[in-house]
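Worksheet: the structure to be examined is printed underneath.
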Amino acid sequence: MGRRKMVIRRIDNSTSRQVTFSKRRNGLLKKARELSILCDAEVGLIIFSSTGKLYDYASTSMKPVIERYNKIKEEHHQLLNPASEIMFWKREAASLKQRLQYLQEYHRRLMGELSGLSIKDLQNLENQLEMSLKGVRMKKDQILTDEIKELNHKGRLIHQENVELYKKVDVIRQENNELQKKVYGTQEANVASRSPHPNYTLNNGYDLYAPVHLQLSQPQPPNTDTPAKSMRLG
């Protein structure tokens with residue numbers, strides 16, 4: 001069995017009417033709240049019960065919602081009325097014309113055209129220029145301060161990296177010193193145990209136990225000269 005469709009008409013029983021009002025009021029307020037959150041809509045809901053009790057909900061505040069409603073309602077009414085529409089656009093044109101004249105006059109003052117200005121106007125213009133110059137200087141100082149902070153931060157990072165590299169180099173140097181002591185100390189002990197005489201030298205004058213320093217050199221070209229006389233066998 002399907003759900004029986006409810007007939008929309010006034011409920012005669014006062015108790016049932018009050019219960020239905022409470023349920024549907026809460027559901028309506030919930031739907032209005034969900035609509036404002038999900039759709040980013042500005043919602044205003046006003047409910048008066050049969051006893052005159054007020055229930056309302058506004059996504060922001062009820063007063064600006066009502067003011068916005070009245071303004072749009074009035075503008076819509078003016079657009080529907082030809083005479084009112086003409087007056088509306090005349091007011092808009094006059095306002096824009098006045099704004100344009102003010103901007104043109106302000107631009108001429110900034111460009112140095114000061115003719116016709118009174119002492120008060122000149123003082124106001126001077127104050128505006130000083131405030132603008134102060135704002136420019138503050139912005140410039142802020143940018144320079146931020147750049148200096150960034151450079152100091154990079155400098156500290158580079159200094160920290162240099163300290164870490166210096167520590168690594170110092171550890172490697174100490175390990176090399178210890179290795180040289182072990183290698184050359186073992187060689188001297190072996191020489192002392194074999195003979196009390198001074199170190200032997202090769203027939204070419206080099207010390208047998210002198211440290212060996214290897215260096216890369218360019219390869220020598222092979223000797224392609226053929227001997228003048230070949231050796232005979234037999």
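Hydrogens, waters and symmetry mates play no part in the numbers below; they use all other heavy atoms, side chains included.
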Is Ser95 reaching over with its side chain to a backbone N or O of Arg91, donor-acceptor style, under 3.5 angstrom?
no
Rounded at 0.5 Å granularity, tell me how far SG in Cys39 sits from CD in Glu42.
14.0 Å
Interatomic distance, CG@Asp141 vs CG@Asp146, rounded to 0.5 Å, equals 10.5 Å
Is the number of heavy atoms from other residues, nucleotides or ligands within 6.0 Å of CZ (Arg68) greater than 12?
no
Can you establish whether the number of heavy atoms outside Gln160 located under 6.0 Å from its atom CD is more than 12?
no
Does Leu151 have more than 12 heavy atoms from other residues, nucleotides or ligands lying within 6.0 Å of its CG?
yes
Rounded at 0.5 Å granularity, tell me how far CG in Asn176 sits from CD in Gln180.
6.5 Å
Approximate separation, where rounding is to 0.5 Å, of Ile158 CD1 and His153 NE2:
10.5 Å
Taking atom CD as the centre, does Glu130 end up with more than 12 heavy-atom neighbours from other residues, nucleotides or ligands that are less than 6.0 angstrom away?
yes
Under a 4.5 Å side-chain heavy-atom rule over Ile, Leu, Val, Met, Phe, Trp and Tyr, are Leu54 and Ile66 clustered together?
yes
Under 4.5 Å between any side-chain heavy atoms of Met138 and Gln142, yes or no?
no
Go through Arg173 and Asp170 one step at a time and tell me if the salt bridge (Lys or Arg N to Asp or Glu O under 4.0 Å) criterion holds.
CA-CA 5 Å; Arg173 184 184 298 111; Asp170 188 61; 3.4 Å; yes
In Å, rounded to the nearest 0.5 Å, how long is the span from CD of Glu178 to CD of Glu175?
9.0 Å
Among the clusters formed by ILVMFWY side chains lying less than 4.5 Å apart, do Phe21 and Leu45 turn up in the same one?
yes
Taking the side chain as C-beta and beyond, is there a heavy-atom pair between Gln18 and Ser22 under 4.5 Å?
yes
Side-chain heavy-atom pair Arg24, Leu28 within 4.5 angstrom cut-off
no
Closest non-hydrogen contact found for Val65 with Ser61 is CG2-O, 3.2 Å
Between atom CG of Asn124 and atom CG of Leu129, what is the distance when rounded to the nearest 0.5 Å?
11.0 Å
Heavy-atom pair of closest approach, residues Val43 and Ser36
CG2-CB, 3.9 Å
State, to 0.1 Å, how close Met62 and Asp56 come at their nearest heavy-atom pair, and which atoms those are.
CE-CB, 3.8 Å
Residue from Glu105, Arg99, Lys97 passing side-chain contact (heavy atoms from CB on, under 4.5 Å) with Gln101:
Lys97
Is there a continuous path of hydrophobic side-chain contacts, each under 4.5 Å between heavy atoms, that joins Tyr57 to Tyr55?
yes
Minimum side-chain heavy-atom gap Glu34-Lys31 below 4.5 Å
yes
